[in-house]
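In this text the structure is predicted, and so the values were computed from the model without any measurement.
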Amino acid sequence: MLKQNEIAVVGAAETTRLGVIPDMSNIMLHADCAINAMRDAGLKPSDIDGIACAGESPTNMAHYLGLTPKWVDGTAVGGCSFMIHVRHAAAAISAGLCTTVLITHGESGKSQIGLNRAPAGRSSLMGQFEMPYGVYGPPSMFTIPVMRYLKETGTTIEQVANVASIQREWSAQNPRAMMKDKASIDDVLNSRMIAWPFRLFMCCLVTDGGGALILTSAERAKDMPQKPVYIMGTGESVETPMISQMADFTRSRAFRVAGPEAFKAAGIKHADVDHLMIYDAFAHLPIYGLEDLGFVGRGEAGAFIMERNTAPGGKLPMNTNGGGLSYTHTGMYGMFALQESVRQMRGTAPAQVPGAKISVCHGVGGMFAASGTIVFTNEA
Amino acid sequence: MSESKRPLPQPTPETKHFWEGTQAGEIRLQKCDDCAKVYFPPRPFCPGCASRNVTIFKASGKAKLHSYVIHHRPAPGFTPPYAIAVVELEEGPRLMTNIVGCPQTPEALPLDMELVPHFEKMNDEITLPLFQPAKG
Ligand SMILES: [Zn+2]
């Protein structure tokens with residue numbers, strides 16, 4: 001197991017602009033935040049000897065940015081790829097395979113400029129056994145298990161809508177958030193129907209943007225300009241690319257592997273967590289995440305959020321940037337969850353949690369297909 | 001529901017028996033001869049124990065509505081609103097499908113309702129296994 005706090009995030013930045021960026025291609029969004037992250041860390045391209053990215057290949061990014069890496073990782077399992085990159089990078093630096101890793105995400109999700117993405121073919125398992133039935137993007141797929149979850153746990157659709165409502169309380173405090181207007185549960189339930197029982201405000205935004213992280217050893221981090229944010233524990237897993245084939249529609253197996261692995265590695269209990277990010281591509285994901293990571297019992301997450309535990313002033317502040325529902329969601333939001341965890345640990349978040357020392361950042365990828373969890377701390 | 005433009009499957013050597021089955025009005029599953037696991041989607045080995053000793057068999061067709069959404073946005077070959085459903089077969093495996101022969105409304109689509117197959121011929125090669133209410 002990776003030693004706690006041996007590796008640190010020393011550079012972190014998002015694209016200069018966020019939201020609608022029609023004048024930048026997909027690869028330039030990666031580069032824009034990478035340059036910002038290098039500046040944040042006080043590093044030059046020649047200081048970077050490891051590269052990891054998803055949405056563009058590491059080859060594309062090394063060439064474009066002028067890097068000569070001796071370690072590469074192109075793990076691309078959807079929106080949590082970046083949590084997994086952090087985990088792999090920490091292991092690689094610890095093992096001495098490289099010293100300084102750049103992780104990039106950029107996606108022209110809204111403007112669709114210069115995308116490098118192939119849809120699943122008609123002979124793939126999804127092409128044969130899901131695509132013929134009218135699935136059309138994540139809102140029509142990621143949402144399918146929820147009716148089962150509601151029936152088995154007694155959770156209500158109002159409780160799911162409330163997730164989106166609470167996150168607007170957070171995004172209202174964030175100048176860079178795309179959706180800052182307050183939204184009541186009624187407002188959420190009266191927004192446009194997308195895929196019953198999901199309304200528009202229960203589905204993530206579609207934006208352009210990116211984010212980059214730079215990791216190095218805690219030892220080297222001492223001489224860097226930013227307050228180090230240490231990697232305390234990590235976990236990862238995958239289950240199935242097909243939403244119809246997830247083993248249990250009311251729990252994510254990938255969450256239940258990645259989450260506990262990260263907690264075990266970090267040596268923490270749930271009560272130790274000061275700040276939490278749970279990737280919210282859709283409003284049910286924080287509910288699944290809170291339960292599958294063990295913060296609450298089965299079927300309790302809806303009520304837990306309704307009781308304002310994760311809201312501003314609550315005991316477990318969650319998705320404090322406004323989340324994929326209200327801050328930004330390029331397509332692979334995991335990088336933005338990581339950025340918010342790093343800001344919270346640096347003490348620089350727009351909605352800063354006072355005195356936060358441990359942040360858990362939990363990602364999902366590809367319709368419950370994959371998961372990655374990172375536990376950060378600002379105390380070595 | 002306009003059927004012409006929906007993306008149709010392209011069978012592979014490992015799934016050919018399934019698509020031949022739907023043409024014959026059967027849902028064909030596979031069962032492991034060593035550990036008795038029944039599984040889907042098709043593959044010539046058991047995902048439970050990696051045994052290659054597997055047998056193709058005809059499922060009863062009896063199914064229950066496991067979960068679904070009612071999609072309200074247009075998709076190629078579909079007129080919204082339409083339900084995208086996952087059904088659980090009597091033998092255990094689940095598959096994605098559409099529910100036909102009833103209104104595409106929450107009231108007409110209670111979870112766990114009993115279903116039977118409705119084989120919808122799309123062209124000479126592909127027949128899709130859709131489902132309908134058991135009494136419908
Ligand atoms: Zn077996």
> Of all heavy-atom pairs between A:Y133 and B:I84, which one has the smallest distance, and what is that distance?
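In this case the closest contact between A:Y133 and B:I84 is O-CG1, 3.6 Å.
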> Please check if atom NZ in A:K180 has more than 12 non-hydrogen atoms from other residues, nucleotides or ligands closer than 6.0 Å.
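Buried by this count: over 12 neighbours within 6.0 Å.
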> Should the heavy atoms of other residues, nucleotides or ligands under 6.0 Å from CG of B:N123 be counted, would the total exceed 12?
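For B:N123, atom CG is crowded (more than 12 foreign heavy atoms under 6.0 Å).
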> Name the orientation class of the two ring planes belonging to A:F129 and B:F40 (parallel below 30°, tilted from 30 to 60°, perpendicular beyond 60°).
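Aromatic pair A:F129/B:F40 classed perpendicular.
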> Need one label for A:A120: side chain, backbone, both or neither, based on atoms under 4.5 Å from any heavy atom in chain B.
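Neither part, no heavy atoms under 4.5 Å.
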> Which atoms form the tightest heavy-atom contact between A:Q128 and B:P9, and what is the distance?
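Smallest heavy-atom distance, with atoms named: CA-CB, 3.5 Å.
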> Heavy-atom distances under 4.5 Å only: say whether A:M242 touches chain B with side chain, backbone, both or neither.
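Interface part for A:M242: side chain.
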> Using non-hydrogen atoms and a 4.5 Å limit, figure out which bit of B:F18 sits close to chain A: side chain, backbone, both or neither.
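The side chain, not the backbone.
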> Using heavy-atom distances under 4.5 Å, tell me whether A:I194 contacts chain B through its side chain, its backbone, both, or neither.
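A:I194 touches chain B through backbone and side-chain heavy atoms alike.
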> Which residue out of B:P11, B:P81, B:P106 racks up the most heavy-atom pairs below 4.5 Å with chain A?
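Heavy-atom pairs under 4.5 Å are most numerous for B:P106.
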> For A:M147 and B:L111, which heavy atoms make the closest approach, and how far apart are they?
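Nearest pair, atom of A:M147 first, then B:L111: O-CD1, 3.4 Å.
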> Can you tell me if B:E125 has over 12 outside heavy atoms packed within less than 6.0 Å of its CD?
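No, because the 6.0 Å sphere around CD of B:E125 holds 12 heavy atoms or fewer from other groups.
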> Given a strict heavy-atom distance threshold of 4.5 Å, which part of B:L65 is in contact with chain A: side chain, backbone, both, or neither?
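When you check distances to chain A, only backbone atoms of B:L65 fall under 4.5 Å.
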> Just by modelled atom types, is the A:M193 backbone N or O under 3.5 Å from a matching donor or acceptor in the B:R73 side chain?
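It does not hold such a pair.
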> Determine whether the aromatic ring centres of residues B:F78 and A:Y136 are separated by less than 6.0 angstrom.
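Not close enough - the centres of the two rings lie 6.0 Å or further apart.
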> Heavy-atom cut-off 4.5 Å, strictly under: side chain, backbone, both or neither for A:L150 against chain B?
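Neither; nothing under 4.5 Å.
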> Please report the closest heavy-atom contact between B:V69 and A:A195, naming both atoms and the distance.
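Smallest heavy-atom distance, with atoms named: CB-CB, 4.0 Å.
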> Distance from A:M131 atom CE to B:L8 atom CG, nearest 0.5 Å?
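Rounded to the nearest 0.5 Å, the CE-CG separation comes out at 10.0 Å.
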> Should the pair B:H66 and A:F249 be assigned to parallel (<30°), tilted (30 to 60°) or perpendicular (>60°) ring geometry?
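Judged by the thresholds at 30° and 60°, the geometry between B:H66 and A:F249 is perpendicular.
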> If you tally heavy-atom pairs under 4.5 Å against chain B, which of A:I243, A:T143, A:V146 wins?
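Heavy-atom pair counts peak at A:T143.
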> Taking side chain as C-beta onward, heavy atoms only, is B:V86 less than 4.5 Å from A:R148?
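Of all side-chain heavy-atom pairs linking A:R148 with B:V86, none is under 4.5 Å.
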> Is it the case that more than 12 heavy atoms not belonging to B:K62 sit under 6.0 Å from its NZ atom?
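Not buried by this count: 12 neighbours or fewer within 6.0 Å.
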> Using only atom types and a distance under 3.5 Å, with no angle test, would you say the side chain of B:R94 pairs donor to acceptor with the backbone of A:S244?
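Not at all, since once roles are kept as given, no pair shorter than 3.5 Å links the two residues.
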> What part of B:P74 gets closer than 4.5 Å to chain A, counting heavy atoms only: side chain, backbone, both or neither?
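Looking at B:P74, just its backbone touches chain A.
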> Would you confirm whether B:S67, through its side chain, and A:I144, through its main-chain N or O, come within 3.5 Å as a donor-acceptor pair?
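Such a contact is found between B:S67 side chain and A:I144 backbone.
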> Can you say whether A:E130 sits under 4.5 Å from chain B via the side chain, the backbone, both, or neither, judging by heavy atoms?
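For A:E130, heavy atoms of backbone and side chain both lie under 4.5 Å from chain B.
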> Looking at every heavy atom in both A:K151 and B:D112, which two are closest together, and how far apart are they?
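In terms of heavy atoms, the two residues are closest at NZ-OD2, 2.7 Å.
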